[in-house]
There are 2 protein chains.
Amino acid sequence: MQFKKQSITTAKEKEFDPESFASMCKALGHPARVMIVNYLNRIDRCLCGDIVDLLPLAQSTVSQHLKCLKEAGLVKGEVEGPKTCYCLDKRMLKKFTRMVADLGLSPHGEKQ
Amino acid sequence: MQFKKQSITTAKEKEFDPESFASMCKALGHPARVMIVNYLNRIDRCLCGDIVDLLPLAQSTVSQHLKCLKEAGLVKGEVEGPKTCYCLDKRMLKKFTRMVADLGLSPHGEKQ
DNA sequence: TCTCTCAATCGTACATCTACGATAAACGAT
DNA sequence: ATCGTTTATCGTAGATGTACGATTGAGAGA
């Protein structure tokens, strides 16, 4: 499906892109991935194996979920020898919360 | 897949349920549904047909997306004769933003 | 070098999502 | 009663998501 690329907000408002907001939401649209993000937020950084221990899922499945989060830009992974260290991309997460506010859903927004 | 039902936050924090946060994110994980929510936020309430005009999608597809948003609790629809009037469920949307904050992603949170 | 560990990728099965046209159901108007 | 309007649901095809075990590859250490 194709949507028009133009913004759906008025000119003087911040740009709000439904496509990119949807893709971040989609990445957070599975409990395992939400738990990974929540865990990373508390623990700051960890190895893939730590997450495998955390969740009742096979290593390959966890790796797949991490790939999904990386592709959405929510998580970064840096290879350290045979290990990979994962952490949140704070910049992207700030963008996410800003978009939640732009959607008009923020309890702090000017709409209330 | 089954996850343990216990909260993943510490005891004195608010309850954070990954399952229900994920299900709301999933509902917002498609550009068409994001556009519907954004539209409803601006227009307050409208008929299904208005959304069909807004999006480049068949009526049946739009109806399906609305059903998805209703099942996630983000949108309410009340039948008015042969028409159905849709609007946002503000209570649920507030819950959503609260959960974003609980996830630790809020720019207003105590983590920053 | 050989082996061990850690993580990514492959292959695959099954489920869910997304889109459409066709049809049905509810109601107002003629 | 019949017709037109509006929306939901059905059936379906194709794409995508989710899970697993098996395999591969990269690097550390003996």
Side-chain angles (χ1 to χ4, degrees), chain A residues 1-4 18-37 39-40 43 45-87, chain B residues 1-4 18-37 39-40 43 45-87:
Chain A
M1 183 197 31
Q2 290 293 58
F3 291 100
K4 283 178 297 189
E19 304 261 1
S20 73
F21 182 67
S23 85
M24 283 187 277
C25 285
K26 192 173 184 180
L28 290 170
H30 190 287
R33 294 193 290 268
V34 171
M35 290 175 95
I36 290 170
V37 170
Y39 180 66
L40 281 173
I43 222 73
R45 55 205 346 267
C46 72
L47 304 180
C48 174
D50 298 330
I51 298 170
V52 174
D53 293 341
L54 180 73
L55 301 175
L57 293 172
Q59 178 267 324
S60 57
T61 305
V62 169
S63 196
Q64 209 170 268
H65 283 305
L66 283 166
K67 187 182 182 184
C68 172
L69 287 167
K70 259 195 300 183
E71 281 171 357
L74 296 169
V75 152
K76 288 178 293 188
E78 55 185 271
V79 176
E80 295 180 354
K83 310 180 179 183
T84 307
C85 187
Y86 284 97
C87 63
Chain B
M1 184 196 26
Q2 289 294 59
F3 291 101
K4 284 177 295 192
E19 303 261 2
S20 74
F21 182 67
S23 85
M24 283 187 276
C25 284
K26 192 173 182 180
L28 291 170
H30 190 288
R33 294 193 292 266
V34 170
M35 289 175 95
I36 290 170
V37 170
Y39 180 66
L40 280 174
I43 222 75
R45 54 204 347 266
C46 74
L47 303 180
C48 173
D50 298 329
I51 298 170
V52 174
D53 294 341
L54 180 73
L55 301 175
L57 294 172
Q59 177 268 324
S60 57
T61 305
V62 169
S63 194
Q64 209 170 268
H65 283 305
L66 283 166
K67 186 181 182 186
C68 173
L69 288 167
K70 259 196 300 184
E71 281 172 357
L74 297 169
V75 153
K76 290 178 293 190
E78 56 186 88
V79 176
E80 295 180 354
K83 310 182 179 182
T84 307
C85 187
Y86 284 97
C87 64

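Numbered from 1 within each chain, the chains take letters A, B, ... in sequence-line order.
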It should be established whether B/His65 places a side-chain nitrogen or oxygen under 4.0 Å from OP1 or OP2 of nucleotide C/dC17.
no

Can you measure from CD (A/Gln59) to OG (A/Ser63) and round to the nearest 0.5 angstrom?
5.5 Å

Going from CG on A/Leu66 to OH on A/Tyr86, what distance comes out if it is rounded to the nearest 0.5 angstrom?
4.5 Å

Check A/Pro31 against B/Ala22 and note the closest heavy-atom contact, atom names and distance.
N-CB, 3.5 Å

A/Leu55 and A/His65, any side-chain heavy atoms less than 4.5 Å apart
no

Counting just side-chain N and O atoms, does A/Thr84 come under 4.0 Å of either OP1 or OP2 of C/dA8?
yes

What integer distance in Å separates A/Leu57:CG from C/dA7:C1'?
16 Å

Atom-pair distance (CD on A/Glu19; P on C/dT18), nearest Å:
13 Å

Got a donor-acceptor contact below 3.5 angstrom from the A/Ser23 side chain to the A/Ser20 backbone?
yes

Check each residue of residues 67-77 of chain B for a non-hydrogen atom within less than 4.0 Å of any atom in DNA chain C, then write out the ones that pass by number, or none.
none

Can you tell me the distance, in whole Å, between the NZ atom of B/Lys83 and the P atom of C/dG28?
11 Å

Can you tell which of D/dA8, D/dC20, C/dG21 lies closest to the side chain of B/Cys48?
D/dA8

Out of C/dA19, D/dT9, D/dC20, whichever nucleotide has its closest atom nearest the side chain of B/Ser63
D/dT9

Between B/Arg45 and B/Glu78, does at least one N-O distance fall below 4.0 Å, as a salt bridge requires?
yes

Quick tally for nucleotides 22-30 of chain D: nucleotides whose base has a protein heavy atom under 4.0 Å get B, sugar-phosphate-only ones S, the rest -, giving B----SS--

Value for CG (A/Asp50) from CD1 (A/Ile43), rounded to nearest 0.5 Å, stands at 8.0 Å

In Å and rounded to the nearest 0.5 Å, what is the CG to CG distance from B/Asp53 to B/Leu47?
10.0 Å

Rounded to the nearest 0.5 Å, what separation is found between the CD atom of A/Glu19 and the CE atom of A/Met24?
12.0 Å

Any base atoms under 4.0 Å from A/Leu47, or only sugar-phosphate, or nothing? Heavy atoms, all strands.
sugar-phosphate

Find every protein N or O atom lying less than 3.5 Å from an N or O atom of nucleotides 11-17 of chain D, and list the pairs.
from: D/dG17; atom 1: OP1; to: A/Lys26; atom 2: NZ; distance (Å): 3.1

In whole angstroms, the gap separating C1' of D/dC20 from CG of A/Leu55 amounts to 15 Å

Check whether any side-chain N or O of B/Tyr86 sits under 4.0 Å from OP1 or OP2 of D/dA8, and answer yes or no.
yes

Between the NZ atom in A/Lys76 and the SG atom in A/Cys85, the distance rounded to the nearest 0.5 Å is 10.5 Å

Compare every heavy atom of B/Leu57 with every heavy atom of B/Val62, then report the nearest pair and how far apart it is.
CG2-CB, 4.0 Å

Gap between atoms CD1 and C1', on B/Ile51 and D/dT7 respectively (whole Å)
12 Å

